[in-house]
Amino acid sequence: MKVVESIAEVREWVGRRRAKGETIGFVPTLGYLHAGHESLLERAAQESDALILSIFVNPLQFGPGEDFERYPRDLEHDLAIAEAHGVGLVFTPSTREMYPEGEPWVVVDPVRGADRLCGASRPGHFRGVLTVVAKLFGIVAPDVAVFGRKDFQQLVLIRRMVHDLNLPIRIVGAPIIREEDGLALSSRNSYLSADERRRALRLSGALRACREMFAAGERSRAVLEARLREIDADGVQFEYGEIVEPDSLERSDPVGPDSVAAVAARVGKTRLIDNMTLGGPS
Ligand code: AMP
C-alpha cells in the first residue's frame, strides 16, 4: 500500500494501473475510520481492481464555529484499516495541496436540494462537499466511487452532480452500518460521553418507530414527522425530522415504502444525523 500527499503521485499511480487495464475504485473520507468506512472499502474492492482511499478534512465544508479544528484524526489507525482492506493507494493531501491559492475561484454549488435538511443549518456545507468531491474525482478519475447512505442528502447531491455535469463515474450508495443497539457509526460519536451516547439512541429509536408505524399501516407524513419530533427530550435538541423522497429530497406526498425518514439533532455539543427507508431494512 502506498501513501501519498501529492496530486502528481496519485495521477502517476492511477496511470500505471490504467495502463495494466485495471479499473479504479474510490472511497473519499474525512478519516478517523470506523466499520462504516470499512464497509465502503469492501464494496469498492468488489466493484474495481485497484482501490484508492482519500483522507482529507476539507475546510471548505465546515462552517464558522463548526468542528473543523477539533475533528478527530488518527492517521496511523486509518492506515492499518486501509491496509487490512486491500487499499492500494491512500491519498492524504494537505489543505495547501488541495487549495494552493486559498479559496478557489470556481466551486460546485448545488442550486437545488441543498438549502433544506442539513443544508438549512449548515449554509455552504454542500457547496464545500461537492467542490472537494469534484476535485477528488478530477484527481483520481475513478470508474466507481462509493458513498454511505448515512449522509443521505450528500449522496443524493453527489448523484445529481455526476448526472448534471456528465462525469463518467458510477456512484454506489452503501447501507448504514450501526452499533448493535442501533446507533449509526460516525467519527463524531467519539465526542459523546457515555451519557450522551445513551441519549443519542433517541435518533435511531425514532426512525425505527417510524418504520414500525409504516409497517402497521400509518401513511400520514404529519403523524410520522410528529414521532420524529419526539426526539427532542432528555438533553437532545431536535434539529429536523422529515419524510422525504429518495431522489428529489422533496417532502413525501404520499408516503411510500421508498420514502426516507431523516433526522438531525444535537446531543450536547455534538450534531448527529441518521435516516432509514420506511419500507426498507434499515
Ligand atoms: P466521513 O469520513 O464521515 O465524511 O464519511 C466518509 C464516507 O463514509 C461517506 O460516504 C459517509 O456516508 C460514509 N459513512 C459514514 N458513516 C457511515 C456508516 N455508519 N455507515 C455507512 N457509511 C458511512
Side-chain angles (χ1 to χ4, degrees), residues 25-47 51-63 66-68 70-75 77-79 81-82 85 87 90-93 98 117-118 122 125-126 128-137 140 142 144-162 169-192 197 200-201 203-204 207-208 246 260 262-264 270-277 280-282:
F26 180 41
V27 176
T29 75
L30 304 184
Y32 211 70
L33 303 185
H34 51 64
H37 299 112
E38 290 180 71
S39 75
L40 305 190
L41 291 172
E42 281 161 23
R43 182 65 190 271
Q46 286 166 11
E47 305 270 343
L51 181 53
I52 302 186
L53 163 73
S54 69
I55 298 173
F56 178 57
V57 183
N58 171 38
L60 219 59
Q61 71 190 64
F62 289 78
E66 289 188 354
D67 56 347
F68 173 69
R70 63 185 188 110
Y71 196 83
R73 293 162 168 88
D74 188 347
L75 185 60
H77 161 86
D78 290 351
L79 295 182
I81 288 184
H85 286 81
V87 171
V90 183
F91 179 41
T92 59
M98 291 298 280
L117 304 169
C118 289
R122 305 188 74 188
H125 169 66
F126 290 111
V129 169
L130 295 190
T131 299
V132 80
V133 170
K135 284 169 69 73
L136 289 166
F137 283 178
V140 173
V144 57
V146 183
F147 294 85
R149 286 207 288 268
K150 161 86 177 5
D151 298 273
F152 161 70
Q153 186 175 16
Q154 167 177 290
L155 174 61
V156 170
L157 292 172
I158 287 168
R159 283 193 197 286
R160 289 278 170 181
M161 173 179 79
V162 164
I169 297 163
R170 189 159 58 85
I171 303 299
V172 172
I176 300 176
I177 304 298
R178 299 178 179 281
E179 307 271 14
E180 238 165 59
D181 59 9
L183 183 68
L185 292 186
S186 164
S187 306
R188 289 189 169 102
N189 291 351
S190 63
Y191 298 149
L192 301 172
R197 185 179 172 315
L201 292 175
L203 281 81
S204 55
L207 295 171
R208 242 189 341 235
V260 175
V263 294
T270 307
R271 184 176 178 279
L272 299 176
I273 58 171
D274 198 355
N275 69 87
M276 285 185 198
T277 302
S282 63

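Because only heavy atoms are used, hydrogens play no part in the values below, and waters and symmetry mates are left out as well, while side chains stay in. Residue indices begin at 1 and follow the sequence shown. Both ligands and their constituent atoms are indexed starting at 1 by order of listing.
- Heavy-atom contacts of Pro175 reach the following atoms of ligand 1: 20 (N), 21 (C) (cutoff under 4.0 Å).
- Among residue pairs with one or both ends in residues 27-44, those qualifying as salt bridge (Lys or Arg N to Asp or Glu O under 4.0 Å) are Arg43-Glu47; sequence neighbours excluded.
- Here His37 has side-chain heavy atoms under 4.0 Å from ligand 1, and that is the only part of it that gets that close.
- Ile176 contributes atom CD1, which lies 11.0 Å from atom OG of Ser186 (distance to the nearest 0.5 angstrom).
- Considering CG of Leu157 and SG of Cys118, their distance stands at 10.0 Å, rounded to 0.5 Å.
- Considering backbone and side-chain N/O of Asp151, one or more are found under 3.5 Å from N/O of ligand 1.
- The residues Asp181 and Arg197 are annotated as salt-bridged, a charged nitrogen and a carboxylate oxygen being separated by less than 4.0 angstrom.
- Comparing Phe56, Tyr32, Phe147, Tyr71 by heavy-atom distance to atom 3 (O) of ligand 1, the nearest is Tyr71.
- Contacts with ligand 1 closer than 4.0 Å are made by no heavy atom of Arg178, backbone or side chain.
- For Ala184, no nitrogen or oxygen atom sits less than 3.5 Å from a nitrogen or oxygen atom of ligand 1, counting backbone and side chain alike.
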Q. What do the steps show when you test Arg188 against Asp67 for salt bridge (Lys or Arg N to Asp or Glu O under 4.0 Å), and what is the final call?
A. CA-CA 10 Å; Arg188 289 189 169 102; Asp67 56 347; 2.7 Å; yes

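- Less than 4.0 angstrom separates some heavy atom of Gly148 from each of these atoms of ligand 1: 9 (C), 10 (O), 11 (C), 12 (O), 13 (C), 22 (N).
- Ranking the protein heavy atoms by distance from atom 7 (C) of ligand 1 puts Leu40 CD1, 3.5 Å first.
- For ligand 1, the atoms sitting less than 4.0 Å from at least one non-hydrogen atom of His34 are 15 (C), 16 (N), 17 (C), numbered in the order shown with element in parentheses.
- With a heavy-atom cut-off of 4.0 Å, Val27 does not touch ligand 1 at all.
- Side chain of His77 to main chain of Leu33: a donor-acceptor pair is present (N/O by atom type, distance under 3.5 Å, no hydrogens or angles).
- With a 4.0 Å heavy-atom cut-off, ligand 1 is reached by the backbone of Pro28 but not by any atom from C-beta on.
- Of all atoms in ligand 1, numbered sequentially from 1 with element shown, those under 4.0 Å from a heavy atom of Leu185 are 16 (N), 17 (C), 18 (C), 19 (N).
- Shown in contact with Leu30 at under 4.0 Å from a heavy atom are these atoms of ligand 1, numbered in order with element: 1 (P), 2 (O), 4 (O).
- Just one residue in the list Val263, Leu203, Asp151 forms a side-chain contact (heavy atoms from CB on, under 4.5 Å) with Ile273, and that residue is Asp151.
- In this structure, atom 23 (C) of ligand 1 lies nearest to the protein heavy atom Lys150 CB, 3.9 Å.
- Panel note: side chain Ser39, backbone Gly36; a donor-acceptor pair is recorded below 3.5 Å.
- Not counting sequence neighbours, Glu179 has no partner by the salt bridge (charged side-chain N to carboxylate O under 4.0 Å, His left out) test.
- Distance from atom 20 (N) of ligand 1 to its nearest protein heavy atom, with residue and atom name: Ile177 N, 2.9 Å.
- For the pair Lys150 (side chain) and Asp274 (backbone), a donor-acceptor distance under 3.5 Å is absent.
- Less than 4.0 angstrom separates some heavy atom of Ile176 from each of these atoms of ligand 1: 20 (N), 21 (C).
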